[in-house]
Amino acid sequence: ELAGSARSSAHRAGRDEPLLADVLRLRPREDRRELRFAGRPAIASGTAPKKLVVEPLGRFAYTVNNTANTVSMYKIDQSSGALTSAGVDIATGTGPVSLTADPTGNYVYVANSATNNVSMYKIDHTTGALTTNGLKVATTATPSAITIDPTGRYVFLAYATAATNN
């Protein structure tokens, strides 16, 4: 359910704001890799964050917020891994459940489960902010996950319900 970093559903005392709460750092160690806790930055996200993805160049991270119907955008500090906001959350379709970034670091695709479609966004390489062209591609069933192949030629969807053959 997570890509690039861990998250938690912790809430700030007295507020109903979900937080991205944990950052884990992967460190090579001799012949194996090791995960170590690197901090708890307490970065606010939208309501009901479902999936976190880091774009391939490692500069920006994005999370879909299921009940807020938005994507939150973050800049990644290259020395510490700390996240800071990269702008105001951007609207998605209804019920976003998963997202993926293309291998060039130019686009983010969001699977929307309640509207059975995929939203497409362009990444601003300076700020990390997303912009949409307003188009949504219909799916054949309720998407539950999305990924893109390493060449960037194909986007794959997994479905929560059976897809129909059209």
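Computed from a prediction, not measured in an experiment: that's the story for all the values here.
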Which pair of heavy atoms, one from Ala111 and one from Leu157, lies closest together, and at what distance? CB-CD2, 4.2 Å
Closest non-hydrogen atom pair between Pro56 and Ala101, with its separation: CD-CB, 3.9 Å
What's the spacing between Thr63 OG1 and Met73 CE if we round to 0.5 Å? 12.0 Å
Say you draw a straight line from NZ of Lys50 to OG1 of Thr67; how long is it, rounded to the nearest 0.5 Å? 8.5 Å
I need the Leu99 CG to Leu52 CG distance, nearest 0.5 Å. 8.0 Å
Side-chain heavy atoms under 4.5 Å apart, restricted to Ile/Leu/Val/Met/Phe/Trp/Tyr: what other residues fall into the cluster of Tyr154, or is it alone? Phe156
CG-NZ distance between Asn112 and Lys136, expressed to the nearest 0.5 angstrom: 7.0 Å
Applying side chain to side chain donor-acceptor pair (under 3.5 Å) to Asn65 and not counting sequence neighbours gives Thr70, Ser72
So which heavy atom on Ile146 is nearest to which on Tyr109, and how close? CD1-CB, 3.8 Å
CG of Asn66 to NZ of Lys51: how many Å apart, nearest 0.5 Å? 14.0 Å
Does some side-chain heavy atom of Val155 sit less than 4.5 Å from a side-chain heavy atom of Thr147? no
Taking a hydrophobic cluster as the set of Ile, Leu, Val, Met, Phe, Trp and Tyr residues connected by side-chain heavy atoms closer than 4.5 Å, whether directly or through intermediates, do Val88 and Leu130 fall within one such cluster? no
Ile76 vs Val54 side-chain heavy atoms within contact, under 4.5 Å: yes
With the side chain counted from C-beta on, respond yes when Thr132 and Ser119 share a heavy-atom pair under 4.5 Å apart, and no when they do not. no
Indicate yes or no for a side-chain donor-acceptor contact from Asp102 to the backbone of Gly152 under 3.5 Å, with no hydrogens or angles considered. no
I need the Tyr62 OH to Asp89 CG distance, nearest 0.5 Å. 12.5 Å
I'd like to know if the side chain of Glu55 reaches the main chain of Thr104, judged simply by a donor and an acceptor atom lying under 3.5 Å from each other, with no hydrogens or angles considered. no
Spell out, yes or no, whether Leu57 and Ile148 are grouped together once hydrophobic residues are joined by side-chain heavy atoms under 4.5 Å, including indirect joins. no
So, do Asn133 and Tyr121 sit near enough that their side-chain heavy atoms are less than 4.5 Å apart? no
Can you check whether His125's main-chain N or O pairs, donor with acceptor, with Arg59's side chain at less than 3.5 Å? yes
Summary of side chain to side chain donor-acceptor pair (under 3.5 Å) pairs that have at least one residue in residues 90-101, sequence neighbours excluded: none
Does Asp124 have any side chain to side chain donor-acceptor pair (under 3.5 Å) partners at least two apart in sequence or in another chain, and if so, which? Thr127
Starting from the C-alpha separation in whole Å, work towards a yes-or-no answer on side chain to side chain contact (heavy atoms under 4.5 Å, CB included) for Val71 and Val108. CA-CA 10 Å; Val71 174; Val108 168; 5.6 Å; no
Is the Lys NZ or Arg CZ of Lys75 less than 6.0 Å from the centre of Phe60's six-membered ring, within 45° of the axis? no
Set of side chain to side chain donor-acceptor pair (under 3.5 Å) partners for Asp77, sequence neighbours left out: Ser79, Ser80
What are the two closest heavy atoms between Asp149 and Pro103, and how far apart are they? O-CG, 3.8 Å
Check: Ser113 side chain, Pro96 main-chain N or O, donor-acceptor pair, under 3.5 Å: no
Could you list the residues that satisfy side chain to side chain donor-acceptor pair (under 3.5 Å) with Thr115, not counting sequence neighbours? Asn117
